[in-house]
Amino acid sequence: MNFNNIEFDTYFKNYPDADGFFGKYGGSYVSPELKKAMEEITEAYFTICKSRRFINELRRIRKEFQGRPTPISYLERLSGSIGNVQLYVKREDLNHTGAHKLNHCMGEALLAKYMGKKKVIAETGAGQHGVALATAAAYFGLECDIYMGSVDIKKQAPNVARMKILGANVVEVTEGLATLKEAVDAAFAAYCKEYKDAIYCIGSVLGPHPFPMMVRDFQSVVGIEAREQFIEMTGELPDALVACVGGGSNAMGIFSGFLNDPVDIYGVEPLGRGPKLGDHAASLKYGTEGIMHGFNSIMLKDENGEPAPVYSVASGLDYPSSGPEHAFLHDLGRVKYDVVDDEETIDAFFKLSRMEGIIPAIESSHAVAYAMKLAKEMGKGSILINLSGRGDKDMDYIIERYGIR
Ligand SMILES: *Cc1c(COP(=O)(O)O)cnc(C)c1O
């Protein structure tokens, strides 16, 4: 398929280019020392990850450990309550650990093992990435250092407990506001010292090359499975595809399976409390081009051009930028990026729980909320939603803040 002069038949061969660019977005804007480490990972990725041995091992792990393929479920009652559009969900909530993040963490940790590294390093905010990586490290017998701000450590006690039970070392970061940004800085600094024995594992399609490409490729299993399953279930492709976008890994995973198909694709960002800067995290909708955390993308900036403070009811979506490939697909118009606010999200959270018996993560509820609106507009056809994770982690918070609806 040709779209805006981009040939999607050969898209994955051409994007990113050899320097990690998706058009003008992406790249690797890091210190010379880190650049060397990134080049080592890139080279290993292209030799090891394309080898038959690596691919077979990853396939076995996905089946025997993660429980893949995850199914697609038809949402009969929710669809019926809206009209004639058929809604379906790809069940990443049923992936081991309850979300899609393990798909790329198992790939990154397997790469670490093949490269002869002894340790994996990462930062975490809400703790979801930390738990997924700690799980992968336990599976492969790797050491695992997770950097986390002291404020987040207090807020996310259950995930801190999970990481510790899995054998990870949770490193408390007390600098500055002691949240995600400081944790990223501390983890990068540690990695600069330890890169001979360790590998940094980024939690989404973010950061310097090769991470946006590598994480996308590891997540593409979601799109490959979903396309095959959907055609088997219905005999055709969905008319529309919807996923929530924080950094953008679950979205790139499912989108990658359908970019070359006549399917309308929607990425959903959190509008939070509203469109005022600081009240949302809708970087692609309201942001401008800029460089942060080692890559060029579209980001939300404060008056000094620094990453702006962001807010979302979903802690997995409150990042002031998105992966460079999303910025590229946004400018091309191949994917439409739109928003839903906190209220619409909470409404969708309860509707999916009550009508289908699936309690979604608040992040994933953004995609469900958008699909419900889109279904009303479309009037007929089918929508496939990526249900990126389960909502067990969010239940206490939702009951405390919103009560039972
Ligand atoms: C972390 C997380 C997200 C957001 O990350 P992406 O990289 O944008 O996919 C979405 N859903 C769930 C369940 C998460 O844990």
Side-chain angles (χ1 to χ4, degrees), residues 70 89-105 107-108 122-135 152 156 158-159 162 180 201-207 211-223 242-256 266-270 281-284 293 295 297 310 312-327 329-330 335 337 339-340 345 348-349 352 358-370 385-395 397-398:
T70 58
V89 279
K90 173 67 172 163
R91 302 288 306 277
E92 288 307 290
D93 60 315
L94 296 177
N95 196 34
H96 179 44
T97 73
H100 69 288
K101 282 194 177 75
L102 196 66
N103 297 332
H104 61 253
C105 286
E108 288 173 323
E123 79 293 336
T124 196
Q128 296 300 105
H129 177 50
V131 169
L133 191 61
T135 302
D152 289 332
Q156 309 291 342
N159 276 343
R162 276 184 198 107
L180 182 62
C201 294
I202 291 181
S204 188
V205 285
L206 300 170
F211 282 95
M213 167 186 70
M214 213 162 78
V215 172
R216 171 196 76 191
D217 292 355
F218 288 141
Q219 285 295 345
S220 67
V221 64
V222 178
V242 178
C244 66
V245 178
S249 65
N250 87 85
M252 270 329 301
I254 197 155
F255 292 176
S256 63
Y266 298 87
V268 185
E269 296 191 297
S283 48
L284 293 161
H293 295 158
F295 65 102
S297 187
V310 288
S312 165
V313 65
S315 51
L317 301 181
D318 61 357
Y319 185 70
S321 183
S322 290
E325 191 165 13
H326 284 290
L329 294 168
H330 168 271
V335 177
Y337 293 88
V339 294
V340 293
T345 300
F349 172 89
L352 191 70
I358 301 170
I359 302 177
I362 315 189
E363 290 82 5
S364 324
S365 303
H366 283 74
V368 177
Y370 190 78
I385 305 160
N386 199 22
L387 202 78
S388 55
R390 67 176 181 226
D392 303 46
K393 67 185 178 59
D394 302 314
M395 295 186 302
Y397 173 77
I398 288 192

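Note that ligands are numbered from 1 as they come in the structure, with each ligand's atoms numbered from 1 the same way.
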Practice task
List in chain and number order the residues that pass salt bridge (charged side-chain N to carboxylate O under 4.0 Å, His left out) with Glu269, two or more places apart in sequence or in another chain; answer none if no residue qualifies.
Solution key: none
Problem - Test ring pair (Phe, Tyr, Trp, His ring centres under 6.0 Å) applied to Phe349 - qualifying residues, sequence neighbours left out - result: none
Exercise for the section: Output all residues satisfying side-chain contact (heavy atoms from CB on, under 4.5 Å) with Ala126, sequence neighbours left out; order by chain, then residue number. Expected result: Gln156, Ser315
Handout entry: Side-chain H-bond candidate by donor/acceptor type, Lys101 with Ser249, under 3.5 Å
Key = no
Give every pair formed by an N or O atom of ligand 1 and a protein N or O atom closer than 3.5 Å, one pair per line with both atom names and the distance to 0.1 Å, or write none.
from: ligand 1; atom 1: 7 (O); to: Ser204; atom 2: OG; distance (Å): 2.6
from: ligand 1; atom 1: 7 (O); to: Gly248; atom 2: N; distance (Å): 3.2
from: ligand 1; atom 1: 7 (O); to: Ser249; atom 2: N; distance (Å): 2.7
from: ligand 1; atom 1: 7 (O); to: Ser249; atom 2: OG; distance (Å): 2.7
from: ligand 1; atom 1: 8 (O); to: Gly246; atom 2: N; distance (Å): 2.8
from: ligand 1; atom 1: 8 (O); to: Gly247; atom 2: N; distance (Å): 3.2
from: ligand 1; atom 1: 8 (O); to: Gly248; atom 2: N; distance (Å): 2.7
from: ligand 1; atom 1: 9 (O); to: His100; atom 2: NE2; distance (Å): 3.0
from: ligand 1; atom 1: 9 (O); to: Ser249; atom 2: N; distance (Å): 3.4
from: ligand 1; atom 1: 9 (O); to: Ser249; atom 2: OG; distance (Å): 3.2
from: ligand 1; atom 1: 9 (O); to: Asn250; atom 2: N; distance (Å): 2.8
from: ligand 1; atom 1: 9 (O); to: Asn250; atom 2: ND2; distance (Å): 2.8
from: ligand 1; atom 1: 11 (N); to: Ser388; atom 2: OG; distance (Å): 2.7
from: ligand 1; atom 1: 15 (O); to: Lys101; atom 2: NZ; distance (Å): 2.6

Practice task
Give the ring-plane orientation class for Phe255 versus His326, where under 30° counts as parallel, over 60° as perpendicular and anything between as tilted.
Solution key: perpendicular
Completion exercise
When Asn250, Asn386, Asn95 are each screened for side-chain contact (heavy atoms from CB on, under 4.5 Å) with Val222, the one that passes is Asn386
